[in-house]
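Working notes, beginning with the structure itself.
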Amino acid sequence: MNKPAIPNSFRTGPDEQGMFGIFGGRFVAETLMPLILDLERHWNEVKDDPDFKAELTDLSTHYAGRPSKLYFAEGLTRHLREVSSTKGLGGGAKVYFKREDLNHTGSHKINNCLGQILLAKRMGKKRIIAETGAGQHGVASATVAARFGFPCVVYMGATDVARQSPNVFRMKLLGAEVRPVTAGHGTLKDAMNEALRDWVTNVEDTYYLIGTAAGPHPYPELVRDFQSVIGTEARAQILEQEGRLPDTIIAAVGGGSNAIGLFHPFLDDRSVKIIGIEAGGRGLDGIEHCASMSAGAPGVLHGNRTYLLQNADGQIMDGHSISAGLDYPGVGPEHSWLRDSGRVDYVPILDDEALEAFQLTTRVEGIIPALESAHAIAHAIKIVPAMDKDQIVIVNLSGRGDKDVHTVANMLGMEI
Amino acid sequence: MTTRIDRRMAKLKAEGRPALVTYFMSGDPDYGTALSIMKALPKAGADIIEMGMPFSDPMADGPAIQAAGLRALKGGQTLVKTLKMASEFRAADNETPIVLMGYYNPIYIHGVDRFLRDALASGIDGLIVVDLPPEMDEELCIPALKAGINFIRLATPTTDDKRLPKVLQNTSGFVYYVSMTGITGSALADTGKVAAAVTRIKGHTDLPVCVGFGVKTAEQARIIGASADGVVVGTAIVNAVANVLGPKGEKTADPAEAVATLVSGLSQGVRAARLAAAE
Ligand SMILES: Cc1ncc(COP(=O)(O)O)c(C=O)c1O
């Protein structure tokens, strides 16, 4: 559907109205409109400001630990080559992990939070609010709020509070107030509604630190730009380590921030195949998944037009994923545009497949990946054995899996 | 082209009193009950009816209207049924203006052109769509105006004098001033500030200015109505319904009667507004 013409570059969006083709925009209540325009004005001021960049780079280096490593996953590569020979294929591409799990706070979320907290500081804001699903963005927000001395309120669905309890405790230790949200299924969508309600109420002093590349313009753009450090580094690192570009890059898509961060610098490298992984949950036949681009339709929610899980009446569905960070019925608008333009393929991975990838990676690499990242690895496990040995795949290891050990133990029927 | 809203507002202006604008949630708790509530509104003294279109993610609404929307959706309400309810009401009342209020997605999914056709055929006079600011006018506002349906915009305390002209540009019917920065159901703002804001907006437009968000009692309606051309009451009405529902959603009294009692009181309030102001 809606196939836009192939553009000369895939990296020029959004337009001045904040649109990526028909996606994106500023679908917000009038109360928020002046705030969003103000944010846009400040963002335009800082995005090419060398002082701002220098401050962010310094924090990224010394506080967050960037650049993150591009690691040749030899154990997984060897394993998948064995799988390939068993199938009589004799192939198996080289798998690299972009190690966002090694960042301070354990995921890519810190990249965005450092950028936005500096923006909040420049804007003279006094209070930070955030929404969180897995708790990784909540932790990263609470972390930068602590570091820069802001009070911080994190909205988190009640279901997620229960399944991500270690992160809830971390946020509290960091001095943030965690407000459980019981509306709906008590997951990320409901947390985002509640954060928006807070923002509408506290317009003077509050900065809304959105955790993914979604929401009204300019959030999808600025979150993307703060996360693009992932792809910029990975591109330079693979050129350095292998002397060439990868054949395929893969990332999991919740709201889409780690994925757009990896993808964006590669979008105009037409030889690079780009694959985004959606949460297939218990399968796409029913409603227990979060594959908005594979099984949803364009609609308007949380300030932007994008692919959404919804019914025929335009009511948003709750969806399901084993991974709290992917449990969102929408996706950032740039992904919707990349999907329709055909530049990026989006495919689902089931809960069980992610769980298997989680365990395999732990055993053959000694790395416990976040369940979100395990979705991306699961797809690599599917496609790598059929690829040639001289091919290269980069998987975004968006976060570490310590937060998920309770969920995984539960799924495996173990008590811890 | 005048609409039912224009005519009703002109009539009330001649009478020298503000309008009572009543919001109810269509389909709460079920279709039949909601229709009986809607029919009771004008009889109890409502001048304009705002029909809430339930949405799963009402970002600008507080707990009361959120819960009402969920009850309606659980009861099987859809946009199509909301329009059907409006036309059933219209069959017996061709005067009272009906304004649909809600969020954009159900309209977008129904299809904008089809929605406007169906809304006109159902006797809808105006639209309030919370998540369509003037920056998004091409989506629905302009097509609605072309179709002869008023597009009523919200102006808020954050809409400064510089921005007001943009907000007012394609607004028709009336301007809805949101009395506070916040969600529906919050406490009423400082009424002196509200009156000053109404005066400020009137400096930019000849359209009637109605004030909503936070008005719950007849006394508040009277005070706000002293300066505003209309007073909007929503959460209090939705609460009147919720109060006669038991823990399982069963009716413990007649919701239409509960709403009518409340609205009669509010109507006394708006009728006393200018008398009090003249004192
Ligand atoms: C480790 C990790 N990866 C991925 C995600 C998904 O978010 P996004 O799609 O914005 O990267 C999350 C969200 O919480 C996460 O914690």
Side-chain angles (χ1 to χ4, degrees), chain A residues 16-19 22 24-38 40 181-185 189-190 192-206 215-217 296-306 308-318 329-330, chain B residues 53-63 66-67 69-70 72-73 76-82 102-111 115 129-136 138-140 153-160 162-164 166-167 176-178 180-186 213:
Chain A
E16 274 179 15
Q17 305 307 314
M19 306 297 288
I22 68 160
R26 294 178 279 214
F27 296 88
V28 297
E30 171 60 22
T31 311
L32 291 182
M33 204 55 223
L35 282 71
I36 280 166
L37 292 171
D38 189 44
E40 185 183 352
V181 180
T182 50
H185 274 196
K189 157 177 100 91
D190 311 298
M192 200 145 177
N193 287 333
E194 216 50 42
L196 285 164
R197 289 184 188 117
D198 182 314
W199 201 24
V200 166
T201 308
N202 300 294
V203 294
E204 295 292 337
D205 63 343
T206 297
H217 177 68
V300 173
L301 179 71
H302 294 154
N304 63 115
R305 176 160 36 224
T306 193
L308 298 171
L309 298 181
Q310 52 185 324
N311 69 16
D313 186 41
Q315 307 297 334
I316 311 303
M317 322 258 264
D318 278 293
Chain B
M53 302 182 281
F55 182 49
S56 53
D57 294 83
M59 271 125 36
D61 286 303
Q66 286 174 42
L70 292 182
L73 291 174
Q77 191 70 10
T78 59
L79 179 54
V80 170
K81 286 188 185 169
T82 299
Y103 297 81
Y104 185 41
N105 198 51
I107 296 171
Y108 178 68
I109 294 305
H110 192 83
F115 168 77
V129 185
V130 178
D131 50 355
L132 285 179
E135 280 73 6
M136 294 283 139
E138 300 294 329
E139 296 279 336
L140 178 64
R153 189 108 50 201
L154 306 177
T156 71
T158 58
T159 317
D160 60 17
K162 206 166 132 247
R163 183 167 167 79
L164 254 179
K166 187 169 178 94
V167 168
Y176 186 140
Y177 180 66
V178 176
M180 63 176 86
T181 58
I183 52 179
T184 54
S186 310
F213 278 48

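Just so we're clear, the structure is a prediction, and the values are computed from it rather than from any experiment. All chains are named by letter (A, B, ...) in the order of the sequence lines, taking the proteins before the strands, and each is independently numbered beginning at 1.
- Nearest heavy-atom pair across A/V28 and B/P133 is O-CD, 3.2 Å.
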Candidate pair B/M59 and A/H302, rule side-chain contact (heavy atoms from CB on, under 4.5 Å), full reasoning: CA-CA 8 Å; B/M59 271 125 36; A/H302 294 154; 3.5 Å; yes
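- Residues satisfying the salt bridge (Lys or Arg N to Asp or Glu O under 4.0 Å) test with B/D57, not counting sequence neighbours, are A/K189.
- Only the side chain of A/Q310 has a heavy atom closer than 4.5 Å to any heavy atom of chain B.
- A heavy-atom distance below 4.5 Å is not found between the side chains of B/E135 and A/H217.
- With B/T158 contributing its side chain and A/T31 its backbone, the two residues share a donor-acceptor pair below 3.5 Å.
- Atom OH of B/Y103 sits about 12.0 Å away from atom CD of A/Q315, to the nearest 0.5 Å.
- When every heavy atom of A/E30 is checked against every heavy atom of B/P134, the shortest pair comes out as OE1-CD, 3.7 Å.
- Between atom CG of residue A/L301 and atom OG of residue B/S56 there is a gap of 7.0 Å, rounded to the nearest 0.5 Å.
- Heavy atoms closer than 4.5 Å to chain A are found in the side chain of B/Y108, but not in its backbone.
- Only the side chain of B/L73 comes within less than 4.5 Å of a heavy atom in chain A; its backbone stays farther off.
- With a 4.5 Å cut-off on non-hydrogen atoms, B/Q77 touches chain A through its backbone but not through its side chain.
- Without hydrogens or angle criteria, B/D131 side chain to A/F27 main chain gives no donor-acceptor distance under 3.5 Å.
- The backbone N or O of A/D313 lies less than 3.5 Å from no partner atom in the side chain of B/T78, so there is not a single donor-acceptor pair.
- Using a 4.5 Å cut-off between heavy atoms, B/V167 touches chain A through its side chain atoms alone.
- When the ring-ring contact (aromatic ring centres under 6.0 Å, His included) test is applied to B/F213, no partner is found at least two apart in sequence or on another chain.
- Neither the backbone nor the side chain of B/D160 comes within contact range of chain A; no heavy atom of the residue lies under 4.5 Å from a heavy atom of that chain.
- Across B/H110, B/R153, B/Q66, the residue that shares the most heavy-atom pairs under 4.5 angstrom with chain A is B/Q66.
- One finds the CD1 atom of A/I316 at 4.5 Å from the CZ atom of B/F55 (value rounded to the nearest 0.5 Å).
- Only the side chain of B/M136 comes within less than 4.5 Å of a heavy atom of chain A; its backbone N, CA, C and O stay farther away.
- Interface remark: B/P63 contributes no atoms to any contact with chain A (heavy atom separation under 4.5 Å).
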